[in-house]
Amino acid sequence: MFPPGSLVMAAVVLLLGTAAVAQTPNTKRWRRIERALVLSAGAGEPVQRLRLAPGVVTTVLLDSGAVLEGELPEALRGLFSRLDVTGTHLLLQPTVVMPAQGVPPLVLRFTDAAAPQRLVLELTTEANVVDSVVDVRRHPATVAQLEAELVALRERNALLEARLATARRQAPHPGLAGAILSGAIGITGVLETWLDAPASEAELKVRQLNSYRSGSWVAVAVKLENPPGDVPWQPGIARLTSLDSNGQPTDEPMELPLLLKEPRLLPGQSAVAVVQWPVPSRPPAAYALELWDTGRRRGARWARLKP
């Protein structure tokens, strides 16, 4: 199962491991396993488990020279009496059982040009089994695997390009400048209307209700007050439903951001909440509007509004 040169190394390692067990009092007799590990270049980079035992030497045979990637993690330094990477061999001899959590993986980087380039080992300890010798072989990827990997990379690059383009966009201008540049304010100006429509259901006090129309946009501003002695109110979403002349929904409700200058309303505090939406080419007869907190438990509701 192993190349001829590795048999001598494996024999030496087994003797070392046996001696270590014999010299350590109360050391459990571990069942030693020799196994082969095949890495496929087209299968991504899965983490490979390596079963270790205190006092037992584990040897990983590599098909090419390799080095540790970066510095040895500090969390691993106190766990081993030996941890050496020499040419095509990795030798490990832990002094303790591998902790169940908090052990970083051991990462090797091959020095040749073959793929995969990295070997990621998850260090663990099982009840009575230890990997005494692991022979690692890499298989070149097939054409189909390389094509699939190329498609995945192109998709990932496209997503990164989209995120980069979004990050490069200029931040919106505050105040009137932003409204003018976005087209929210045009030569027709802004039409403000005071709405005399009491809320049909409200766990908050509604002090004032106004609508603003400019171009193809409508905004509703609601002055809300959180009653004294109640819990803080954190704005969540606004739910808007288009209605026909009979008060029946004409489309699926829209969930819109509920904008509030303050992060939340404390008991006894009041503030203006704003919700805006684009007006369709054929505006509905009216709207039903709901304002909710983040848990959708407290808010205010209007069964019929004509902003």
Side-chain angles (χ1 to χ4, degrees), residues 1-7 9-10 33-52 58-77 79-80 83-92 94 98-126 129-172 182 252 254-255 257:
M1 180 172 62
F2 305 110
S6 66
L7 295 179
M9 188 65 188
I33 300 296
E34 296 182 8
R35 63 188 180 96
L37 178 62
V38 178
L39 305 180
S40 176
E45 192 179 75
V47 177
Q48 308 294 334
R49 296 191 68 196
L50 187 62
R51 299 169 294 188
L52 305 175
T58 293
T59 302
V60 180
L61 307 175
L62 309 170
D63 64 356
S64 175
V67 294
L68 281 177
E69 185 172 83
E71 295 292 329
L72 183 68
E74 189 65 31
L76 294 180
R77 293 183 184 276
L79 302 179
F80 294 89
L83 200 164
D84 303 321
V85 182
T86 306
T88 58
H89 296 82
L90 166 65
L91 253 62
L92 305 101
M98 294 294 103
Q101 295 180 344
V103 179
L106 188 66
V107 182
L108 299 179
R109 179 170 292 278
F110 293 97
T111 56
D112 63 5
Q117 283 282 288
R118 301 168 80 237
L119 172 60
V120 182
L121 296 172
E122 178 189 57
L123 308 181
T124 182
T125 298
E126 291 191 0
V129 175
V130 59
D131 291 320
S132 60
V133 180
V134 178
D135 187 21
V136 177
R137 297 289 170 179
R138 292 174 294 167
H139 278 187
T142 64
V143 173
Q145 288 172 330
L146 290 175
E147 288 176 345
E149 188 174 350
L150 181 60
V151 170
L153 285 175
R154 285 174 175 168
E155 292 176 351
R156 182 171 179 269
N157 286 341
L159 291 175
L160 290 176
E161 289 287 351
R163 290 174 56 190
L164 181 60
T166 301
R168 284 175 173 169
R169 289 175 187 163
Q170 191 173 11
S182 67
E252 290 293 326
M254 294 186 295
E255 292 193 351

Does any part of the side chain of Thr125, heavy atoms only, come nearer than 4.5 Å to the side chain of Val130, both counted from C-beta? no
Would you find more than 12 non-hydrogen atoms of other residues, nucleotides or ligands less than 6.0 Å from Arg156 atom CZ? no
State whether the side chain of Thr58 and the backbone N or O of Leu92 hold a donor-acceptor pair below 3.5 Å, judged by distance alone. no
Do you know which two heavy atoms are closest between Leu52 and Pro94, and how far apart they sit? CB-CG, 4.0 Å
Between Gln117 (side chain) and Asp112 (backbone), is there a donor-acceptor pair under 3.5 Å? yes
Look only at the side chain of Thr124 and the backbone of Arg51, and say whether a donor-acceptor pair between them is shorter than 3.5 Å. no
Identified side-chain contact (heavy atoms from CB on, under 4.5 Å) partner of Val47 from the options Val120, Leu121, Val107: Val120
Heavy-atom closest pair, residues Pro116 and Arg138: O-NH1, 3.1 Å
State, with a plain yes or no, whether a side-chain heavy atom of Leu62 is found less than 4.5 Å away from one of Leu119. yes
Sidechain-backbone polar pair: Thr88 side chain, Asp63 backbone, donor-acceptor under 3.5 Å: no
So, do Glu122 and Pro105 sit near enough that their side-chain heavy atoms are less than 4.5 Å apart? no
Please check: side-chain N/O of Ser64 versus main-chain N/O of Phe110, any donor-acceptor pairing under 3.5 Å? no
Check whether any side-chain heavy atom of Leu123 lies under 4.5 Å from a side-chain heavy atom of Phe80, and answer yes or no. yes
How close do Ala75 and Gly102 get, heavy atom to heavy atom, and via which atoms? CB-O, 4.1 Å
Output, in order, the C-alpha distance, side-chain angles, deciding distance and verdict of side-chain contact (heavy atoms from CB on, under 4.5 Å) for Glu69 and Leu108. CA-CA 5 Å; Glu69 185 172 83; Leu108 299 179; over 6 Å; no
Straight-line distance of Thr59 OG1 to His89 NE2, nearest 0.5 Å: 7.5 Å
Show, in sequence, the C-alpha distance, side-chain angles and deciding distance for Leu39 and Gln48, and conclude whether the side-chain contact (heavy atoms from CB on, under 4.5 Å) test is met. CA-CA 9 Å; Leu39 305 180; Gln48 308 294 334; 3.6 Å; yes
Considering only heavy atoms from C-beta outward, does the side chain of Val134 approach that of Ile33 to under 4.5 Å? no
For Leu106 and Leu90: C-alpha separation, side-chain torsions, deciding distance, then whether side-chain contact (heavy atoms from CB on, under 4.5 Å) applies. CA-CA 11 Å; Leu106 188 66; Leu90 166 65; 4.0 Å; yes
